[in-house]
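Okay, structure first, notes after.
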Amino acid sequence: MQVRINDVVISVNTGDITAWAGDFIVNASNSGLYGGGGVDGAIHRAGGPQISAECAVIRQKQGGVMPGQAALTTAGRLPNLGIIHTVGPIWKGGGAGEAATLAKCYISSLELACARGARSIAYPNISTGVYGFPRRLACETALAAVVDYVQSTDPGKLPLNLIAFVCFEQDNTQLYEEMLRTYVTV
Ligand code: AR6
């Protein structure tokens, strides 16, 4: 399913994000950029050791990545232009600014991608696995952040024409579809 906001298509589908062939894949990483489980593990496995090596350089240079921030590596063996490693918040009950931090993940990844002239970017459902963020709130937060970014950026300065949400589990896909229906359908 997809909707169009200004000239940008926002799509949702179910699958393994490492099979997505667009410009930049976003990874749900950790502050040390140590490859872990979940989508992070899948991206490191599919992309190969080049990604970990570049993560180590970032770690040495800047001591890691704060929650809400993002850092770029190449995509190793994957065909994409690069991997954007962002660090989602660990859910602590909602009173620790988790939603604001999650929104920042989506925005800082978009900013990084756009600075590189990205035409397309794909997101997993950041923080909704090991980090325990409630799925409905995560979906609302992700879509609101992305739609706001698209609507508030001068179209002439936005290289993107596709923002994809690649959900691993069907219940997340259903949430995104439900939420996307509140926007204009293509
Ligand atoms: N493609 C797309 N989505 C996936 C894939 C995949 N191949 N595999 C899992 N997901 P998680 P987090 C979904 O736990 O909650 C790691 O160890 C999954 O179903 O990967 O942000 C990192 O190193 C879920 O909806 O990330 C961190 O330490 C979503 O991706 C920590 O986990 C996110 O689940 C980050 O936790």
Side-chain angles (χ1 to χ4, degrees), residues 1 10-49 51-56 58-59 63-73 75-80 82-94 96-110 113 120-143 145-146 162-180:
M1 173 186 180
I10 299 179
S11 73
V12 53
N13 37 50
T14 313
D16 177 353
I17 204 165
T18 64
W20 185 82
D23 285 353
F24 290 93
I25 291 178
V26 177
N27 181 21
S29 191
N30 53 69
S31 286
L33 300 189
Y34 297 104
V39 68
D40 191 16
I43 288 171
H44 277 267
R45 275 193 304 278
I51 296 179
S52 301
E54 290 183 39
C55 285
I58 294 168
R59 204 159 49 235
V65 175
M66 296 289 287
Q69 307 286 304
L72 180 68
T73 67
R77 291 193 295 255
L78 287 168
N80 317 86
I83 305 295
I84 295 173
H85 305 264
T86 192
V87 182
I90 298 171
W91 182 255
K92 292 176 178 157
E98 294 95 325
T101 304
L102 185 64
K104 271 194 204 161
C105 290
Y106 285 90
I107 299 302
S108 53
S109 299
L110 271 179
S120 57
I121 183 171
Y123 287 101
N125 306 131
I126 300 163
S127 280
T128 65
V130 172
Y131 281 1
F133 202 107
R135 292 185 168 196
R136 179 172 289 275
L137 181 58
C139 172
E140 284 168 5
T141 304
L143 282 177
V146 160
L162 173 66
I163 299 173
F165 290 95
V166 180
C167 304
F168 202 53
E169 288 140 51
Q170 194 62 39
D171 61 340
N172 260 326
T173 307
Q174 275 163 9
L175 272 177
Y176 273 82
E177 288 184 350
E178 190 185 304
M179 209 69 69
L180 268 178

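As the structure lists them, so they are numbered: ligands from 1, and atoms in each ligand from 1. Quick note: numbers below take in every heavy atom, side chains included, and nothing from hydrogens, waters or symmetry partners.
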Tyr123: what forms a ring pair (Phe, Tyr, Trp, His ring centres under 6.0 Å) with it, not counting sequence neighbours? Tyr106, Phe165

Mark up the atoms of ligand 1 that fall under 4.0 Å of a heavy atom belonging to [X], in ascending order.
X: Asp40; value: 22 (C), 23 (O)
X: Glu169; value: 18 (C), 19 (O)
X: Ala42; value: 7 (N)
X: Gly15; value: 1 (N), 2 (C)
X: Gly36; value: 17 (O), 23 (O)
X: Gly37; value: 16 (C), 17 (O)
X: Gly38; value: 8 (N), 9 (C), 20 (O)

Note the single closest protein heavy atom to [atom], along with its residue, its atom name and the distance in Å.
atom: atom 31 (C) of ligand 1; answer: Tyr131 CE1, 3.5 Å
atom: atom 14 (O) of ligand 1; answer: Val130 N, 2.9 Å
atom: atom 20 (O) of ligand 1; answer: Val39 N, 2.8 Å
atom: atom 24 (C) of ligand 1; answer: Thr128 OG1, 3.5 Å
atom: atom 7 (N) of ligand 1; answer: Asp16 OD1, 2.9 Å
atom: atom 1 (N) of ligand 1; answer: Ile17 N, 3.0 Å
atom: atom 29 (C) of ligand 1; answer: Asn125 O, 3.3 Å
atom: atom 21 (O) of ligand 1; answer: Ser127 N, 2.8 Å

Qualifying residue for side-chain contact (heavy atoms from CB on, under 4.5 Å) with Val87, from Thr101, Ile126, Val65: Val65

Hey, are the side chains of [X] and [Y] touching, using non-hydrogen atoms and a 4.5 Å cut-off?
X: Glu98; Y: Thr141; answer: no
X: Leu143; Y: Val146; answer: no
X: Gln174; Y: Arg135; answer: no
X: Ile163; Y: Leu110; answer: yes

Any side-chain to backbone donor/acceptor pair from [X] onto [Y]? Under 3.5 Å, distance only.
X: Ser29; Y: Thr86; value: no
X: Asn80; Y: Phe24; value: no
X: Thr128; Y: Phe133; value: no
X: Ser108; Y: Gly68; value: yes
X: Arg77; Y: Arg45; value: yes

Give me the atom names and distance for the closest heavy-atom approach of Ser52 to His44. OG-ND1, 3.1 Å

4.0 Å heavy-atom contact, Gly88 with ligand 1: no

Touching ligand 1 at all, Asn172? Heavy atoms, strictly under 4.0 Å? yes

Below 4.0 Å, non-hydrogen atoms only: which portion of Ala28 touches ligand 1? Side chain, backbone, both or neither. both

Region of Ser29 engaging ligand 1 - heavy atom pairs below 4.0 Å: backbone

